[in-house]
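Notes follow the structure.
Here is the naming used below: chain letters follow the sequence lines, and residue numbers restart at 1 for every chain.
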Protein chains: 2
Amino acid sequence: MDKRKAILEAAVELIGAKGYTHTSMQQIADSVGISKGSLYSFFPSKEDLIISIYEHYQQLVFERAFVVGLDGNLPPYERFAKQFQVQFEGILEYKSYMKMQMRGETAQSSEKLESMGHRMRGRLFSWLERNLIELYGEKISPYKWDLMWMTQSIYTSYTGLMISSENELDPKKLGHHIVRQIEILANDFLAGKSKPLLDDDMMRPFSVGMDREGAFTSFEKREKAWKAVYEKIHTLDNEHYFLEVTNRISEESRKSKPDELVMRGLLHLLKEEETLRVEAITLEEQLLP
Amino acid sequence: MDKRKAILEAAVELIGAKGYTHTSMQQIADSVGISKGSLYSFFPSKEDLIISIYEHYQQLVFERAFVVGLDGNLPPYERFAKQFQVQFEGILEYKSYMKMQMRGETAQSSEKLESMGHRMRGRLFSWLERNLIELYGEKISPYKWDLMWMTQSIYTSYTGLMISSENELDPKKLGHHIVRQIEILANDFLAGKSKPLLDDDMMRPFSVGMDREGAFTSFEKREKAWKAVYEKIHTLDNEHYFLEVTNRISEESRKSKPDELVMRGLLHLLKEEETLRVEAITLEEQLLP
DNA sequence: AGGTAAAATGACTAGTGAGTCAAGAAGCTC
DNA sequence: GAGCTTCTTGACTCACTAGTCATTTTACCT
């Protein structure tokens, strides 16, 4: 399980630097210090490897922002900015993954990867939508696509700047900056000075994605369940062991088709601990409906 | 010369759809209806082909916007919007080229292509800079990088939307939309309500590009010379012939190392026509310093 | 029609890289 | 340490493609 991670990291590094097509499985194997055959015992194909990379890193970068969104203590504006900040911090942490992501070049139109990108975009948009509505209420709806589109483009381009420039941008400042720009643009729309260009019809490819990922209230509940488990674990004696188990559950759950039996087994390990039982059951309900 | 163009178009189509690495020279040849050997008599290598594609299309899409910038009749705000509009029109016209461009995946770090992209980015930024200063004067300087960066990202992302969505966005509306958004953001900076994040130091990679492409006044002069020639040609009887000659000059001049003798010869053909002589000489001064 | 120059062809070479698998190494059990 | 299983290896196959070049086809001229 450790070597698997080492492979993912080496692959991200190489692919981020040279691109998918110009990185051979041999080079990845060499970089980890194992043989090609061994590599293929972890990942049945190059495509599977890249899919696993996305599965592994996507959440790592983005999910933390969603969790911050649930903190509830901060006022909406601050929370929105904090979420961007956390996301940018994640981006700095996983620079080479982001580099790889931004190259965008992958295997020849993999069904799986496409739907993953789709899901991811949908998630980003539904997150933005929620924040916009929290900030401005339903009256922002007619302008939401334009705002979301511009926000997404500004966000993405600053991400690009961040990972290419050695000169590090401060995530906190950047978070506030972006939210400030959104506010200006939103106010202009609300004042009726700009007309929206985009509508539901035109943005259907993106809203489909938003439905597909599941109503995002359910996503929110899942996040809460995760959070509850992690927080309770921190209060326990053998924190390390339970963290390991929970991380393993998390990993399994992120797979495109998680093994239900493995999940049940792992969750059982959590439920064994009396103090964790309630949280574990809640999590189980979210993960195995 | 016609077949060369056919190859470029077929290649753009295929590469735009499937990517550079997943498009073989054989497929391009088949698509044009010629043999691979023939293909290689036009382009000595795959890399040369892709470079030629960029050389062929880049100006086609962007230079028209620069020319509009010289029209002088429109007030700054309108002109800026019109320039975006013209650019978006170009993008619609050369959709598959833009698709190819946006994929960004090319031969393994070609020296030539990289410097071309660099030049292109620099040109975009210097164009934006000029327009911002025309609109707001020198007082916009401290905020120019943030504005340019956000503008560029919004512009690029709408471009992406345009080429992927069948549902066509109206270039005119889009042009006005973008300029309006720039205005809002600029006014917020000027009112001192937002602080800039980016500075010359951080953006050096981009400003270097701006210097390299040549002081942009000289670029402007060249554009003017072109325009004068084209306009005079429209008043002539055998318009068609002179257009062909001028287009050939334009083509040659866009090559990375234009053949000076060919240029002189072609320009001579223009100078033969008494009414065109002045314009042709001005153009020659710009093209062959 | 015959002859020559130019253009087009596609079989061929050489290199690369994904994926396989028989053989060997390492670990484990009694 | 013998006998077993599991992991690891790297040489090998197979498919693909950039680029070449001897041969054929076409075009043009007399």
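Whole-Å rounding puts the His22(A) NE2 to dG17(C) P distance at 9 Å. One can place CZ of Arg4(A) at 17 Å from C1' of dC7(D), the figure rounded to the nearest angstrom. Per the geometry, CG belonging to Leu39(B) stands 17 Å off P belonging to dC21(D), to the nearest Å. Rounded to whole Å, atom P of dT9(D) lies 7 Å from atom CD1 of Ile34(A). When the C1' atom of dT8(D) is taken as reference, atom CZ of Phe42(A) falls 10 Å away, rounded to whole Å. Between the C1' atom of dG17(C) and the CG atom of Leu49(A) lies a distance of 15 Å, rounded to the nearest Å.
Atoms CG and CD1, on Leu169(B) and Ile163(B) in that order, are 12.0 Å from each other to the nearest 0.5 Å.
Nearest heavy-atom pair, Gln27(A) versus Thr23(A), reported as atom, atom and distance to 0.1 Å: OE1-CA, 3.4 Å. Counting all heavy atoms, side chain and backbone alike, Phe242(B) lies closest to Ile233(B) at O-CD1, 3.8 Å.
Using a 4.0 Å heavy-atom cutoff across all strands shown, Ser45(B) reaches sugar-phosphate atoms only and no base atom.
Proximity of a side-chain donor or acceptor of Ser165(B) to a complementary backbone N or O of Met162(B) within less than 3.5 Å is not detected.
More than 12 heavy atoms of other residues, nucleotides or ligands shown are found within 6.0 angstrom of CG on Asn238(B).
Residues of residues 23-31 of chain B having a heavy atom closer than 4.0 Å to DNA chain D, listed by number: Thr23(B), Ser24(B), Met25(B).
Within 3.5 Å, a donor on the side chain of Lys36(B) pairs with an acceptor on the base of dG19(D), or the reverse.
Side-chain proximity of Ser35(A) to the nucleotides dA18(D), dT9(D), dA18(C) is greatest for dT9(D). Residue Lys3(A) has its side chain nearest to dT8(D) when only dA8(C), dT8(D), dG19(C) are considered. Checking dA8(C), dG19(D), dG10(D) against the side-chain heavy atoms of Tyr40(B) singles out dG19(D) as nearest.
Looking at which nucleotide of DNA chain C each of Ser38(B) and Ser38(A) is closest to, the 5′-most match is held by Ser38(B).
Phosphate contact (OP1/OP2 of dC7(D), side-chain N/O of Ser41(A), threshold under 4.0 Å): absent.
Between Tyr155(A) and Gln87(A), the side chains place a donor N or O and an acceptor N or O closer than 3.5 Å (distance only, hydrogens not considered).
With salt bridges taken as basic N to acidic carboxylate O contacts below 4.0 Å, one links Lys271(B) and Glu284(B).
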